[in-house]
Each structure stands twice: as structure tokens, then as C-alpha cells.
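This report concerns only the one structure given below.
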Amino acid sequence: MLSAEALQKIDREVAKYPPEQKQSAVMAALIVAQDEKGWLAAETMDFVAQYLGMAPVAVYEVASFYNLYNLQPTGKYKLTVCTCLPCGLQGSLEAADHLKARLGIDFDETTADGRFTLKEGECMGACSMAPVVLVNNKKMHDYLSKEKIDALLDELRKR
Amino acid sequence: MLDYGPDAILMAGLDGANWRLADYEKRGGYAALKKLLADRVPPEQVIAEVKKSALRGRGGAGFPTGLKWSFMPRQFAGAKYMVCNSDEGEPGTCKDRDLLRYNPHAVIEGMIIGGYATGSGAGYNYIHGEIWETYEQFEEAIGEARRAGYLGRNILGSDFSFELYAHPGYGAYICGEETGLLESIEGKKGQPRFKPPFPASFGLYGKPTTVNNTETFAAVPWIMRHGGDAFLNLGRPNNGGTKLFSVTGHVNRPGNYEVRLGTPFAKLLEMAGGVRGGRKLKAVIPGGSSMPVLPAAVMLATDMDYDSIAKAGSMLGSGAVIVMDETTCMVRALERLSYFYFEESCGQCTPCREGTGWLYRVVHRIETGTGRMEDLALLDDVSDNIAGRTICALGDAAALPVKSFLKHFRSEFEYHIEHRSCLVCGPDSEPKWGRAGAHLPAALARAA
Ligand SMILES: Cc1cc2nc3c(=O)[nH]c(=O)nc-3n(C[C@H](O)[C@H](O)[C@H](O)COP(=O)(O)O)c2cc1C
Ligand code: SF4
Ligand code: FES
């Protein structure tokens with residue numbers, strides 16, 4: 001269900017906690033699973049539950065509580081813009097508008113070619129560097145002018 | 001060189017690349033830990049030194065750190081834990097990220113010393129999910145410390161052992177609340193616990209646990225190296241040391257600045273380049289979005305320390321200073337804040353779950369021109385019914401901004417209701433800092 005490499009990563013996470021507390025690794029295990037599969041299908045979560053010796057419902061609860069888990073497929077690149085007040089004061093709403101115009105989609109939509117999904121996020125702890133965009137939960141891009149957004153989209157289109 | 005200001009001690013000598021163990025040791029790092037272990041300093045003495053320093057928690061509540069450490073049961077036979085709260089998600093706060101990526105070993109050394117002082121054998125650093133690169137970098141720093149013998153069994157040949165791990169958050173503001181955070185490390189939804197019992201008696205896995213903020217831990221090595229008095233003297237009585245302030249919003253140079261506690265707000269504003277475009281200052285939220293907003297005149301007469309900000313009618317909180325100039329529509333600003341708390345409520349308590357949706361809905365209708373005069377009393381009333389009636393302080397955090405916006409900027413709300421347009425932006429004009437997020441209509445449907 002998950003690659004040997006992914007399982008190895010999960011094992012490394014499990015080792016961080018006391019032996020009787022394997023469940024503590026569920027957040028990290030779901031991150032590993034999502035990185036490999038792109039999103040968390042029920043069967044993926046069931047597999048994680050079985051691997052960690054948890055009830056499946058306990059895993060679903062975790063996956064639905066934390067905002068960065070994808071419970072549905074997304075485009076190849078999920079772009080999340082922080083629009084919270086401090087970022088908003090520093091131009092993140094204009095950045096979001098520019099992204100929407102360039103991609104031709106609104107928040108929570110995916111481009112027809114399946115390449116980009118646009119999301120709105122809450123504070124990412126990077127406020128002074130606004131506007132900030134997070135790509136696939138992993139790579140943060142900051143101080144995003146319109147030109148920098150265009151360059152970022154061009155780069156992601158080529159990949 | 002990164003410039004956090006002339007008073008910087010936690011962020012002094014950093015250039016963005018010199019975060020590794022060898023660099024930290026060159027700056028005097030791990031000397032404090034080595035000395036403690038070599039001299040077999042009694043743990044109580046470490047706690048006494050931290051108490052003397054008047055270090056107060058940098059995560060929001062400002063609780064005295066030495067006192068918190070002294071609550072850990074001395075004679076407890078089983079496991080005890082040190083937990084670092086790096087789930088920085090309070091809108092406006094972006095200092096812990098800088099500490100973790102530019103000076104991670106100060107946090108690690110602080111946690112080890114905390115473990116020594118409280119007799120804890122293991123620690124976890126809970127790191128905000130959105131800063132994944134920083135999480136990976138921190139794991140690398142832990143690896144360096146382990147290989148150098150600063151972590152693990154019998155540290156530097158002493159009889160003290162301490163293990164440290166990083167735990168990822170994944171996009172839930174409420175996990176910044178310390179008991180929500182502990183639930184999250186246990187592999188559950190991050191829903192805060194009833195208190196008491198407090199973490200010092202029933203924490204992670206039910207064991208005695210101390211939770212401190214990243215910046216709190218980072219200050220500890222400096223205190224042990226230079227003495228509690230030296231730290232205290234940098235600040236003011238009861239407000240020891242320097243503090244990192246994240247200055248955001250309408251300033252020319254948004255960023256993190258480390259200043260002595262007690263520094264006038266005007267000085268901090270000047271360090272951040274002053275108000276954008278030479279405009280007039282209108283309002284400031286001095287401690288992160290959960291704290292009451294203050295009008296410009298009050299802020300300009302205030303110093304940046306816990307007691308002064310409290311006297312001025314707000315709280316220092318996490319040190320996130322959100323600056324708003326004269327072009328800011330306060331109704332719209334509050335609308336976005338209210339949306340945040342509605343979105344992030346964990347849903348456990350009825351007053352918070354229902355109340356945050358209610359607050360957002362009412363502010364939204366005032367902002368969009370369908371509010372009624374009675375709504376102002378309603379906002380006050382809903383806020384009063386949330387504050388103090390919930391399991392955790394998120395309820396207060398949602399209510400306090402509403403009360404303070406109404407208190408200081410009531411006329412703007414009244415104008416919106418009476419004229420169905422904005423006093424600041426004028427009729428039909430675009431607000432200067434952008435339109436309301438497109439999330440708002442969809443969110444409204446969910447809030448209804
Ligand atoms: C809703 C909410 C969010 C919080 N978020 C954070 C946070 O992101 N970082 C943090 O250190 N403390 C946060 N706190 C405060 C913690 O509960 C706790 O008081 C703090 O981590 C203790 O560390 P300190 O004594 O060093 O400040 C939050 C509290 C609440 C109620
Ligand atoms: S006050 Fe709100 S966030 Fe806190 S426990 Fe209750 S419902 Fe959850
Ligand atoms: S408010 Fe956008 S990153 Fe903090």
C-alpha cells in the first residue's frame with residue numbers, strides 16, 4: 001500500500017515515542033502517506049491505522065481535524081495563500097487576486113489541466129514576509145510580488 | 001548579517017547560515033550546559049536563577065518560567081517531559097520560526113537545561129506544520145547535538161540523560177494551546193483539556209510535563225551563562241530580558257525586532273521603518289490577534305513590557321505587533337479576525353463553537369451593509385457569553401478583539417450601519433488594503 005521507503009520513514013517516526021505510544025506517530029505517518037499518494041483516501045488511512053495498531057475511526061478523526069491533510073484529490077500543486085489580517089494588511093489579498101486571475105480559478109478550485117489547486121490558509125507563522133504562498137504544504141514562498149508569482153507559476157508549469 | 005536591532009542577545013551574531021552546532025559553540029553555545037554538568041549544580045539552583053531573571057513565558061500568557069518549572073514534582077519516579085511549543089500560529093507572530101531556523105541550538109540547549117532543572121528525561125518540540133523546511137532543519141540540528149553528546153544517555157559523561165524529538169503540527173491553530181498540543185502529540189485531535197489538573201501534574205501521557213514557548217527556552221542558556229541578574233537588568237522589574245517583537249501590517253519594514261522589555265513603542269515603530277508611506281498611525285494590536293486593539297495615541301504613550309501594556313488596556317501576548325494606518329477599515333479588520341476564530345474553534349464548547357460563528361456572521365453583515373444598530377449590543381452580548389465560559393482561552397481570544405474594536409472604534413461600526421458604506425474607504429471605493437477575501441461568502445454559508 002505504501003512504498004518500503006515510506007514505511008521506513010514511518011518507522012523512524014514511531015521510534016520517537018515510548019513503545020506503547022505508537023499512535024503518537026499518526027500525524028507524521030499521515031504526512032508521509034499524503035506525500036506519496038497526493039491525498040488521503042479511506043484505504044490509505046485504513047492502512048495507516050492497521051500499521052500503527054489504531055482504530056480506523058481514530059485515524060479519520062485526526063485526518064479531518066488538521067487543515068493540511070487533503071481528504072480529496074488536489075491538483076498537482078496545491079497553493080495555499082495566507083489571507084489572515086496581518087498578511088492582508090501587507091497585500092496578500094492582491095496576491096490572491098493575481099493568482100486567481102492567472103489561474104482562472106477561485107479558492108477551493110482546481111485548474112482544468114489538474115495542475116493547480118488554490119486554497120486559502122490561516123496564519124503560517126511567516127506574517128512579516130507577506131504575501132506568502134505554501135506549495136504542497138512543504139515549500140514556502142514569501143514576499144510575493146506579482147512578478148514573483150508569475151515566475152513561480154512558470155516554474156511549476158515546466159516541472 | 002541579520003539585523004534584529006542593537007539590543008539583540010538571542011539573535012545576535014546571526015547571518016542566516018550560521019545555525020549549525022559548530023557556529024553556535026563559537027558564539028559560546030553549550031558552555032552553560034557543560035558548566036552545569038561539570039559543577040554538578042543542584043537543579044533547584046538552576047530554577048532559582050531562572051526565577052531571579054524574571055523571565056516570563058513568551059508564548060502568550062507571560063507566566064513566570066522559573067515558577068512554572070518549580071511546579072514539576074521533584075520526587076516523581078516515572079517519566080517526566082519538557083515540551084517546546086513551536087506551533088506559532090497566532091496571527092502576526094513569526095518570531096519562533098526565525099529562532100528555529102537561525103539559532104536552533106539555543107532552543108535545544110534551553111530544553112536540555114530545562115530537563116536538567118526539572119528532572120525530565122525526554123522532550124518534544126511541536127513545530128507548526130506550515131514551516132516544514134524549518135522542521136526538517138531542526139531535526140538536523142537535533143542530530144548534530146546527539147552526535148556531539150549533548151543529547152542521549154549520560155550527557156557529556158554525567159549521570160544526566162535527556163532525549164529530544166521534533167513532532168510536526170499540521171494546520172490547527174488550537175494546538176498552540178498547551179493541552180491541545182499535548183493531545184496532539186498523543187496522536188489525537190488537538191482538543192484542549194479541562195484544567196486542573198495542569199500539565200505539571202498530568203501532562204503528556206499523563207506524566208508531569210512542562211510546556212514552554214520556543215523563545216522562552218532560547219533565553220535560558222543566556223541566563224545561565226550571564227546570570228539571572230544580568231537578564232533581569234536588561235528589562236524592568238518583573239519583566240526581565242529582551243523580547244522578540246514581530247512587527248507587521250502598515251510599516252515600511254515588517255520584521256522581527258529584539259528589544260529590551262520596557263522599550264517605548266515609538267522606538268519599536270521607528271525600528272520597523274515607521275508607518276508606511278508616512279501615513280498616520282491609527283491603531284495597534286500589541287500582542288497578537290487575540291489581544292485587545294489600542295488606538296494610536298494610547299500606543300504611542302506606552303512601553304513594550306507586560307505590565308505597561310496591561311496598564312494601557314491590552315496584553316503583550318506573543319509579541320506580535322499588528323500596525324494599522326489611517327486607511328484601515330476597522331470593521332473589515334475585525335471581520336477577518338472573527339473569521340479566523342470561527343475557523344479555528346475546535347468545537348468542544350458550545351459558547352465558543354456557536355459564538356464564534358455568530359460573531360463572524362454579525363460583523364460580516366455590518367461590513368456588507370446589512371447590519372442593524374441592535375447588532376452592536378448583540379456583539380457585546382455574544383462576546384460576554386463566550387468569555388470565561390469555555391475550556392480554553394480561545395473563547396476569550398475571540399471575544400476580546402470584538403469588545404475592544406467596539407470600545408475604541410464604535411463610530412465606524414455605526415457609520416457602516418447607518419450609511420451602508422465605509423467611513424474610511426468612502427462610498428463604492430476599494431479599501432486600501434484589498435477586498436474582503438473571497439472565502440467570506442462560502443464561509444458564511446457554513447457559519448449559518
Ligand atoms: C488558542 C491558543 C493558542 C496558543 N498558541 C500558542 C502558540 O502558538 N505558541 C505558544 O508558545 N503558546 C501558545 N499559547 C499559549 C500556550 O497555551 C502556553 O501558555 C504556552 O505555550 C506556555 O509557554 P510559556 O510559558 O513559555 O509562554 C496559546 C494559547 C491559546 C489559548
Ligand atoms: S474554547 Fe473553543 S477552542 Fe477552546 S476548547 Fe472550547 S471550543 Fe475548543
Ligand atoms: S498572518 Fe499570514 S502568515 Fe501570519
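Chain naming here is simple, since letters A, B, ... match the order of the sequence lines and numbering starts at 1 in each.
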Nearest non-hydrogen partners of A:N67 and B:E344, listed with the distance: ND2-OE2, 3.6 Å
Criterion salt bridge (charged side-chain N to carboxylate O under 4.0 Å, His left out) on B:E133 and A:K139, from CA distance to verdict: CA-CA 7 Å; B:E133 291 162 295; A:K139 172 91 186 131; 3.2 Å; yes
Salt bridge A:E61-B:K188, side-chain N to carboxylate O under 4.0 Å: no
For chain B, which residues of residues 41-49 of chain A have heavy atoms nearer than 4.5 angstrom: none
Segment of B:I322 engaging chain A (4.5 angstrom heavy-atom cut-off): side chain
Between SG on residue A:C84 and OH on residue B:Y173, distance to nearest 0.5 Å: 9.5 Å
Heavy-atom pair with the smallest gap, counting every atom of A:F65 and B:G190: CE2-N, 3.1 Å
Distance-only side-chain donor-acceptor flag, B:Y170 / A:N137, under 3.5 Å: yes
Between CG on residue B:L334 and CG on residue A:L85, distance to nearest 0.5 Å: 9.5 Å
Toward chain A: residues of residues 90-97 of chain B with heavy atoms under 4.5 Å: B:E90, B:P91, B:G92, B:T93, B:C94, B:R97
Contact origin within B:V323 toward chain A - heavy atom pairs under 4.5 Å: backbone
Working for salt bridge (charged side-chain N to carboxylate O under 4.0 Å, His left out), residues B:E139 and A:K16: CA-CA 12 Å; B:E139 293 223 297; A:K16 291 178 177 177; 2.7 Å; yes
Atom group of B:I174 that falls short of 4.5 Å from chain A, counting heavy atoms: side chain
Interface residues of residues 19-33 of chain A facing chain B - non-hydrogen atoms under 4.5 Å apart: A:Q21, A:Q23, A:S24, A:V26, A:M27, A:A28, A:I31
Contacting region of B:T134 [heavy-atom separation from chain A under 4.5 Å]: neither
Among the listed options B:H167, B:R253, B:E88, the residue most often paired with chain A at heavy-atom distances under 4.5 Å: B:H167
Residue pairs, two or more places apart or on separate chains, that pass salt bridge (charged side-chain N to carboxylate O under 4.0 Å, His left out) and touch residues 149-159 of chain A: A:R102-A:D150, A:D154-A:R157, A:E155-A:R159
Shortest non-hydrogen contact from B:M324 toward A:L89: CG-CD1, 3.7 Å
A:K146 NZ: over 12 foreign heavy atoms closer than 6.0 Å: no
Heavy atoms of other groups near A:Q50 CD, more than 12 under 6.0 Å: no
Residue among A:G121, A:P18, A:C87 with most heavy-atom pairs under 4.5 Å to chain B: A:P18
Side chain / backbone / both / neither for A:A96 at chain B, heavy atoms under 4.5 Å: neither
Donor on one side chain, acceptor on other, A:T83 and B:R336, under 3.5 Å: yes
Nearest-0.5 Å distance, CD of residue A:E13 to OH of residue B:Y165: 11.5 Å
Most chain A-contacting option - heavy-atom pairs closer than 4.5 Å, from B:G249, B:A172, B:G347: B:G249
Chain B contacts, top residue of A:C82, A:C123, A:S64, A:A63 (heavy-atom pairs, under 4.5 Å): A:C123
Residues B:I131, A:M140; criterion side-chain contact (heavy atoms from CB on, under 4.5 Å); working and verdict: CA-CA 7 Å; B:I131 52 170; A:M140 194 181 280; 4.1 Å; yes
Approximate separation, where rounding is to 0.5 Å, of A:C127 SG and B:N256 CG: 9.0 Å
Validation row, ring centre A:Y17 to ring centre B:Y124 under 6.0 Å: yes
